[in-house]
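Below, read A as the first sequence line, B as the second, and so on, with proteins coming before strands; counting in each chain starts at 1.
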Amino acid sequence: MSDLSVNIAGLTFKNPVTTASGTFGYGEEFREFFDPGELGGIFVKAVTGKNRDGNAYPRMAETPSGMLNSVGLQNKGIDHFCREIYPKIKDFDTRVIVNVSGSTIEEYVEVAERINELENIPSIELNISCPNVKLGGMAFGTVPAMATEVTAAVRKVYKKVLMVKLSPNVTSITELAKAVADGGADAITLINTLLGMAIDAERRRPVLSTITGGLSGPAIKPVALRMVWQVHKAVNLPIVGLGGIMNATDAIEFILAGASVIQVGTANFIDPMVSVNIVRGIEDYMKRHNVGAITELVGALRTD
Amino acid sequence: MSDLSVNIAGLTFKNPVTTASGTFGYGEEFREFFDPGELGGIFVKAVTGKNRDGNAYPRMAETPSGMLNSVGLQNKGIDHFCREIYPKIKDFDTRVIVNVSGSTIEEYVEVAERINELENIPSIELNISCPNVKLGGMAFGTVPAMATEVTAAVRKVYKKVLMVKLSPNVTSITELAKAVADGGADAITLINTLLGMAIDAERRRPVLSTITGGLSGPAIKPVALRMVWQVHKAVNLPIVGLGGIMNATDAIEFILAGASVIQVGTANFIDPMVSVNIVRGIEDYMKRHNVGAITELVGALRTD
Amino acid sequence: MEIKKFVQDLRVVQNIRLNKRHFILELQSPEKFPLILPGQFVQVLVSNSPSTFLRRPFSIHSVDYANNSLRLLVQIKGEGTLHLSKLHDGDSLNVIYPLGNSFSLPATRDVLLVGGGAGVAPLLFMAKLLNQDHIHPTILLGFRTKEEVSEIEEYSKYGTVLVTTDDGSAGEKGLVTDHPVLKGERPAFRKIYCCGPEPMMKAVAKIATMHQIECEVSLENTMACGFGVCLCCITPTDKGNERVCVEGPVFNVNRLNWGQEEK
Amino acid sequence: MEIKKFVQDLRVVQNIRLNKRHFILELQSPEKFPLILPGQFVQVLVSNSPSTFLRRPFSIHSVDYANNSLRLLVQIKGEGTLHLSKLHDGDSLNVIYPLGNSFSLPATRDVLLVGGGAGVAPLLFMAKLLNQDHIHPTILLGFRTKEEVSEIEEYSKYGTVLVTTDDGSAGEKGLVTDHPVLKGERPAFRKIYCCGPEPMMKAVAKIATMHQIECEVSLENTMACGFGVCLCCITPTDKGNERVCVEGPVFNVNRLNWGQEEK
Ligand SMILES: Cc1cc2nc3c(=O)[nH]c(=O)nc-3n(C[C@H](O)[C@H](O)[C@H](O)COP(=O)(O)OP(=O)(O)OC[C@H]3O[C@@H](n4cnc5c(N)ncnc54)[C@H](O)[C@@H]3O)c2cc1C
Ligand SMILES: Cc1cc2nc3c(=O)[nH]c(=O)nc-3n(C[C@H](O)[C@H](O)[C@H](O)COP(=O)(O)OP(=O)(O)OC[C@H]3O[C@@H](n4cnc5c(N)ncnc54)[C@H](O)[C@@H]3O)c2cc1C
Ligand SMILES: Cc1cc2nc3c(=O)[nH]c(=O)nc-3n(C[C@H](O)[C@H](O)[C@H](O)COP(=O)(O)O)c2cc1C
Ligand SMILES: Cc1cc2nc3c(=O)[nH]c(=O)nc-3n(C[C@H](O)[C@H](O)[C@H](O)COP(=O)(O)O)c2cc1C
Ligand code: FES
Ligand code: FES
């Protein structure tokens, strides 16, 4: 028997396969396809302080081996989450981790504090790719000092496992990773979407209502792998890796590059069963390569 | 008759379609497929001060809708270029522009000075994505002050049209664009490759000898379009746009986003005739949309 | 009502070319079909085209429970539909189904179905269901040209068929909204089901609203997932931004904020 | 000599399955073939697979000038070759050809051709050319198993065929380098042409060098363009980094820095 279990800052996952925030809803819809209990964990859609309508339609553009989205954190806010969503997901037989967003440090802190009280949520993932409304719209995740500050502020009130999800739209991902490590993060999630744009040449208009949006899918896999590898070498924190994972081979690549846990995102849209199939594919790989425990593969890329 | 001619800082191109540095050799090989005179121009492979062997094999990895390369500026140096290459390409019936690289400001300046003397080379494209060996390997193109400095140094000795090609691996592309504008650039080329990585899960090794490499092809088109659009709005300089252009529709998208000239890169590998076909496709589009002059489309994206 | 969804390899049993731009794909399941309702759709994986990354949504045109087969009526638009048009009997196609809500049953017998282009797809299925309730609807179908007029015999089984063509080469000339049944003083219907290009649906909705006729439309917003998890397909409704793939694709027009911002 | 290159849609006229992993694709040109030399290759566009972005290089296995057709011998490795294995007569395939240099003519009649796996591909073409010069080479072919042994009759037309299999199920057991003709005290050849997996070619090159036999190998470096403009396919030679797709794929082993850095 292969041992698929992994551990991030003391939090164990039965296997390293989880689903990415914003691509799995709150897990509800997927119960029509499979039991979420087969996964290591699920990262649910971003929760903010108040209700957000998100951006106007159109919010999606297909691109070569990928897609752009500009959903814009549509959610009903933390109150609604605690009252309506939490009861439905709290007994999933898997790790349920909440993606936390905000436009001010106070908002991040408020949401984190509330989620800290929810017994069956063992961890949050701070999404610091949002623009900081107080600081002129520059994203928290692009300025190291801001990244440290928001992480430290949440760290003060949040007592469980604190993951911070970084934006890839930066000159130096290792600098940002160090910044959130300084702020007290327990783990780093890499990567969120790349900022991109699509144009409809016939109508001479942007495809998205917001003009630009976030690029995800296999197109970004090379960039994501590179960042996981760079951060793995530079920072001594566990990594949650994602970006374009479509199958077990992709997942193994991220693990070899240094990810302890991987997330499946856009691939869920194309095959709702993909995450479960990836669990099985990882097992096959381990058998074929005679790997007893998946942890042996974390960061095990040979570069000699 | 549609007017396809464009103009960058006084330099006219018979049409906006050119080929990207490093993907077209010195134009020699393509003469077996078509007459380079059908294109607006060609940007030849990077030239440095001295001979460079480039990186070890393997230098290439296929990725979803794209590829990684780590060729590493293999070329025989500026002496060899002036003596052996220039005579062969100087009478092409198209704009021949040389991509100039270096590891020190002195190297950039030396190469630019030499090319300034070559009568039939009307312009150079400074490739500032290379690491600055004196400044600890940080790329010139990622630090605004360094970008300004190298541009200004070359500007002093180079009297013809000076284009500067930016790296997309930065937090703010507009900041870099402004930096090279301050340095005296006549035009900005966007974008060079995204830094990425590929892993062979079976061998548990990186695919490239250099571990990381440059991502090109359709996968990066959304990022490239976004950067062209951002710079077009922020900086008052003509733009040469590229990144994943595979057909005339892609080319039109870059023009609508703000590019006066476009470059075809990786697509040349898949279809050596593609650049000529793009010229024809642009003409078709103009007829279909009743556009008299291609310049009417530059930056003509409707965002109201 | 919660209907179980399937991700299945369906077998192409027929690919019938109707005209230059339209074809019918008949797909068979290896298993017994679940209950499928008119207005629901499927998400098709076009796996042999390098330029289709996401699935493609298509309304269910008709269902044959005896054979566990369903039909799609497809218009060739881009790479994805072009590839589908080339499928042969025996080919396999991965499909997620059934997705979305459905048309509601009418509280009246005075029913009009209006469709344009590939938007006619779900109406055949709906007409058949209405017949089971002994309702014989009027079916108004808009086509570009005479050449594209098709399946009239099929529709005629379930209702009175009226046709318009853009160029007048068959039926009335003009758009569906130019047809006398909709243009007249007071259309003789209490319920309209409409499906087609958005401008057409908006025009029909306007007429319906003016005459206080209940009207349901089926939206075709672009989708990434098709089963409610990505929030890409939303439309503004009286309850905020709702998902067209789950809360729709069928909406009563009085729930849509239509007519406020036209492009 | 400068040979003009074509980018053409060739027609698949035959797809012959040799065994589980190998097949022969016969492609016909609508135009008269240019001169094509043994050792040259083609770049094939696999347009119906979403996971093949770049072209795939294959050696030219044989040329029929009368029909303007050429054959490729292909081993199924991944998505690209899997798709090619499914092509039918009449399908069209976009190909750039002819690419690369070629084997040189020998200054001796004591010639050995050594191939392993799909690496045997260019050797058939070479054997035929040698015959035109009245040279009757020894042809040593390595296969995995008896099942994969194929085209022996073809090769036998042009020379004496010897076979090895990894499992001994046909011919000698072992690798080609285990075969007596190469393992003996002093192989009776003055020129070896070799093509196959790199470890095999290196082993053959070692034997050749030891006995001062001239040896040419055909390299299979991964390629992006295949016609000399990307500089991705380089190999270190006595003249620095050279392009395998232009200065190669055939190199005399004494020009290669082999044996210095093994993986
Ligand atoms: C719920 C639903 C039901 C549908 N039912 C049917 C049906 O029964 N029959 C049918 O033929 N089509 C139907 N469609 C539309 C169909 O999904 C698209 O035409 C198809 O996805 C186009 O794929 P493609 O790869 O051929 O074209 P693409 O290359 O993706 O697109 C070609 C052109 O069509 C436009 N386009 C693509 N998808 C849409 C869309 N959803 N809405 C508006 N414009 C679009 C693109 O912007 C582009 O200009 C339905 C769509 C939805 C959301
Ligand atoms: C000049 C030249 C001539 C060739 N001639 C032939 C021939 O006559 N017959 C034949 O069957 N094959 C030949 N090859 C190899 C052939 O090009 C590859 O097997 C093919 O491209 C694999 O494509 P794929 O999409 O099926 O596999 P992919 O999915 O691309 O790869 C599958 C596996 O094969 C490996 N691989 C892919 N390409 C190569 C390569 N070039 N070298 C080593 N490993 C590779 C990959 O790393 C991967 O592990 C030749 C290659 C070159 C460069
Ligand atoms: C439709 C959509 C919505 C998303 N919403 C969120 C979100 O709410 N919070 C977040 O941190 N990331 C969000 N993401 C980013 C993904 O979690 C993930 O980081 C990204 O898509 C890259 O992974 P992938 O290529 O596997 O999809 C979203 C992505 C998509 C496609
Ligand atoms: C094999 C290869 C070599 C390249 N060499 C250079 C170079 O020497 N100088 C340079 O500025 N850019 C170089 N580039 C980058 C391209 O010019 C271009 O910026 C990039 O590939 C994005 O465009 P594309 O997606 O159309 O290829 C190279 C790209 C490739 C694929
Ligand atoms: S398409 Fe994903 S929620 Fe509707
Ligand atoms: S493959 Fe491009 S130079 Fe050889």
Pick from A/V71, A/N55, A/T23, A/N69: which one makes a side chain to side chain contact (heavy atoms under 4.5 Å, CB included) with C/L231?
->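 Option passing the side chain to side chain contact (heavy atoms under 4.5 Å, CB included) with C/L231: A/V71.
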In this structure, are over 12 heavy atoms from other groups packed under 6.0 Å from [X] atom [atom1]?
X	atom1	answer
A/K14	NZ	yes
C/R11	CZ	no
C/E147	CD	no

Minimum heavy-atom distance between [X] and [Y], given as atom pair plus value:
X	Y	answer
A/M60	C/M223	CE-O, 3.0 Å
C/R55	A/I270	NE-O, 2.6 Å
A/G66	C/F53	O-CD2, 3.4 Å
A/E29	C/F227	CG-O, 3.3 Å
A/F30	C/V229	CE1-CG1, 3.4 Å
C/A224	A/F269	O-CB, 3.7 Å

Quick one: what part of A/T266 sits under 4.5 Å from any heavy atom of chain C, side chain, backbone, both or neither?
->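 When you check distances to chain C, only side chain atoms of A/T266 fall under 4.5 Å.
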Rounded to the nearest 0.5 Å, what separation is found between the [atom1] atom of [X] and the [atom2] atom of [Y]?
X	Y	atom1	atom2	result
C/I96	A/E32	CD1	CD	11.0 Å
A/Y57	C/N241	OH	CG	12.0 Å
C/R56	A/E62	CZ	CD	4.0 Å

Compare all side-chain heavy atoms of C/C232 with those of A/M67 and state whether any distance is below 4.5 angstrom.
->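 Yes, side chains in contact.
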Per-residue contact mode, C/T222 against chain A (heavy atom under 4.5 angstrom) =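 Answer is both: backbone and side chain atoms of C/T222 are under 4.5 Å from chain A.
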Among the options A/P64, A/P272, A/G22, A/S70, pick out the one with the most heavy-atom pairs lying under 4.5 Å from chain C.
->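 If we count pairs closer than 4.5 Å to chain C, A/P272 comes out on top.
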